[in-house]
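As the structure is a computational prediction, the values presented were derived from the model and not from experiment.
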Amino acid sequence: MSSEQNPTSDAAARSSSPSAASGEEAGSARGRGRPSSPVLSRSTITAAAIRIVSTRDYRSLTMAGLARELGVSTSALYNHVSSKRDVLVLIQDRLNEQIDCTGFDTLDWPEALRVWARSYRDCYIRHTALIPIMAVLPVADAPQSLQMYERVTGALEDAGVPGAEAVDLIVGVEALVFGAAYDASAPADIFDPGHRADLAPRFAAAAAARGSDAREVADHAFELTLDALIDGLRRRIERGDPSR
C-alpha cells in the first residue's frame, strides 16, 4: 500500500516534518504566552473609574466594582493602585490635564483667566457626575492638578495679587465653573414659576425675558459672571491694593 493510501504513514510523515513541528511549538508558545486576564495600566483603570461614575454613580465606584468593570481580580487591581483615593487622584489628574492653561504663557492675565475658566467649565460639562467628588478632593499627589494651579497662581501673583488671595480667586473661579457646568444641563423652564408668578412677578418676567434656548442662556450667565469677576479684580489691582 502506498503512503497516499496509508493514513498511519501520512501522520508519521507530518509529525516528522520540521515545519509541522515548529508550527505546533509556536502554537504552544502562543498559548503559554497569552494573558489570562486583561492587561491593566493606570490609564485603563482611570478610564474605567470615570465610566463607572458617569454611567452609574459615585457609590458604585468601589475597588471591587472597579475590578469587575475591568474583568480582573481585586488583588490584581491593587498591584496598580493602593486605594480608592489613589483612583480618585488619577481621575482628577486625567480631567485637569484636559483644561487649557496655555493662555497663561501668551496672553495677559484677564484673557488667560477667561480661557482657563471656559476650558475648565467645558471639561466638567462633559463630566458633571464627577463634580461632587472633584470639588472637594485634596490635590496631594496629583501632578497635573498641581501644575495647573501653579500656572494660574503665578499669573495672578505677577499681576499683583498676593499669593493667598490668588488661591482664594482660584477657589472662586472653580465655584463658578462647577455651578455653571451644572447649569449647562438645566432645563429651559427651570425658572418658570408655574401658577405662582404672583409671588415673584418681577423675577418671573425677568426670567422669561432670558430666552428659550437653555444652553444659550446658561452660556450667557457664565460669561456675564466671569466678566464681572475679572473686571472687579482688575479694578482692585489698578487701585494698587487687591486685598481691600
Side-chain angles (χ1 to χ4, degrees), residues 40-63 65-66 68-70 80-81 84-105 107 111-152 155 169-191 210-227 229-230:
L40 284 181
S41 69
R42 290 168 78 85
S43 180
T44 58
I45 290 168
T46 305
I50 292 174
R51 188 163 60 247
I52 287 172
V53 178
S54 299
T55 60
R56 283 166 257 173
D57 55 39
Y58 172 64
R59 290 171 297 180
S60 300
L61 182 58
T62 63
M63 295 299 278
L66 182 54
R68 284 194 300 273
E69 179 76 13
L70 289 161
H80 297 267
V81 288
K84 180 176 177 179
R85 186 190 180 281
D86 197 5
V87 174
L88 295 178
V89 169
L90 289 176
I91 294 173
Q92 183 185 58
D93 258 11
R94 172 70 64 83
L95 297 184
N96 287 350
E97 71 180 349
Q98 300 172 26
I99 298 169
D100 185 4
C101 297
T102 59
F104 293 106
D105 298 328
L107 304 172
E111 189 56 33
L113 202 60
R114 284 190 178 88
V115 171
W116 175 62
R118 288 166 183 154
S119 178
Y120 207 149
R121 175 179 177 249
D122 289 344
C123 176
Y124 280 91
I125 284 173
R126 299 190 297 270
H127 299 286
T128 51
L130 288 161
I131 292 175
I133 311 167
M134 298 297 105
V136 296
L137 185 67
V139 298
D141 305 316
Q144 295 290 340
S145 302
L146 289 168
Q147 289 170 15
M148 176 180 75
Y149 289 134
E150 178 68 12
R151 295 176 82 174
V152 181
L169 281 165
I170 289 172
V171 172
V173 171
E174 287 186 327
L176 170 60
V177 161
F178 291 141
Y182 274 127
D183 190 45
S185 61
D189 61 351
I190 190 170
F191 291 128
R210 296 176 80 212
S212 58
D213 187 313
R215 179 59 188 270
E216 183 178 304
V217 297
D219 290 348
H220 182 266
F222 170 70
E223 292 290 340
L224 177 67
T225 309
L226 182 61
D227 281 348
L229 186 156
I230 292 173

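Closest non-hydrogen pair, Thr62 versus Gly65, comes out as OG1-N, 2.9 Å. When every heavy atom of Ala181 is checked against every heavy atom of Thr128, the shortest pair comes out as O-CG2, 3.7 Å. Across every non-hydrogen atom of Gln98 and Cys123, the tightest pair is OE1-SG, 4.0 Å. Minimum heavy-atom separation, Ala142 to Gln92: CB-OE1, 3.2 Å. Across all non-hydrogen atoms, the minimal contact from Ala184 to Ala218 is CA-CB, 3.9 Å. Counting all heavy atoms, side chain and backbone alike, Ala188 lies closest to Ser212 at CB-O, 3.6 Å.
The CG atom of Leu113 lies 8.0 Å from the CG atom of Leu169; values are rounded to the nearest 0.5 Å. Going from atom OG1 of Thr46 over to atom CG of Leu88 covers 10.5 Å, rounded to the nearest 0.5 Å. Residue Leu130 holds its CG atom at 10.5 Å from CG of Leu137, rounded to the nearest 0.5 Å. Atom-to-atom distance recorded for Leu226:CG and Trp116:CH2 is 10.0 Å, nearest 0.5 angstrom. If you take CG on Asp93 and OG on Ser145, they are separated by 4.5 Å, rounding to the nearest 0.5 Å. Distance CD1/Ile52 to OG/Ser60: 7.5 Å, rounded to 0.5 Å.
No salt bridge links Arg126 with Asp122; every basic N to acidic carboxylate O contact stays at or beyond 4.0 Å. By the 4.0 Å N-to-carboxylate-O rule, Arg118 lies too far from Asp100 to be salt-bridged with it.
Side-chain N or O atoms of Ser185 include one that pairs as donor or acceptor with a backbone N or O of Tyr182 at under 3.5 Å. In this structure, Thr44 contributes its side chain and Leu40 its backbone to no donor-acceptor pair below 3.5 Å. Between the side chain of Arg42 and the backbone N or O of His80, at least one donor-acceptor pair lies under 3.5 Å. Judged purely by atom type and a 3.5 angstrom limit, Ser119 has no side-chain atom pairing as donor or acceptor with the backbone of Val115.
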Subject >> Arg121/Asp183 under salt bridge (Lys or Arg N to Asp or Glu O under 4.0 Å): CA gap, chis, key distance, verdict >> reply: CA-CA 10 Å; Arg121 175 179 177 249; Asp183 190 45; 5.9 Å; no
**OP:** With side-chain contact (heavy atoms from CB on, under 4.5 Å) as the test, would you mind laying out the steps for Ile133 and Val53 before giving the verdict?
**Re:** CA-CA 10 Å; Ile133 311 167; Val53 178; 4.1 Å; yes
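Looking only at side-chain heavy atoms (C-beta outward), Met63 and Val81 come within less than 4.5 Å of each other. In this structure, Arg56 and Glu69 have side chains that are in contact, with non-hydrogen atoms separated by less than 4.5 Å. Side-chain atoms of Arg114 and Asp227, non-hydrogen and from C-beta on, do get closer than 4.5 Å to each other. With a 4.5 Å cut-off on side-chain heavy atoms, Tyr120 and Val173 do not count as touching.
With Cys101 as the fixed residue, the side-chain contact (heavy atoms from CB on, under 4.5 Å) test singles out one of Gln144, Gln147, Arg151, Glu150: Arg151.
Figure legend: cation-pi geometry between Arg210 and Phe191 absent, as NZ or CZ is not positioned both under 6.0 Å from the six-membered ring centre and within 45° of its axis.
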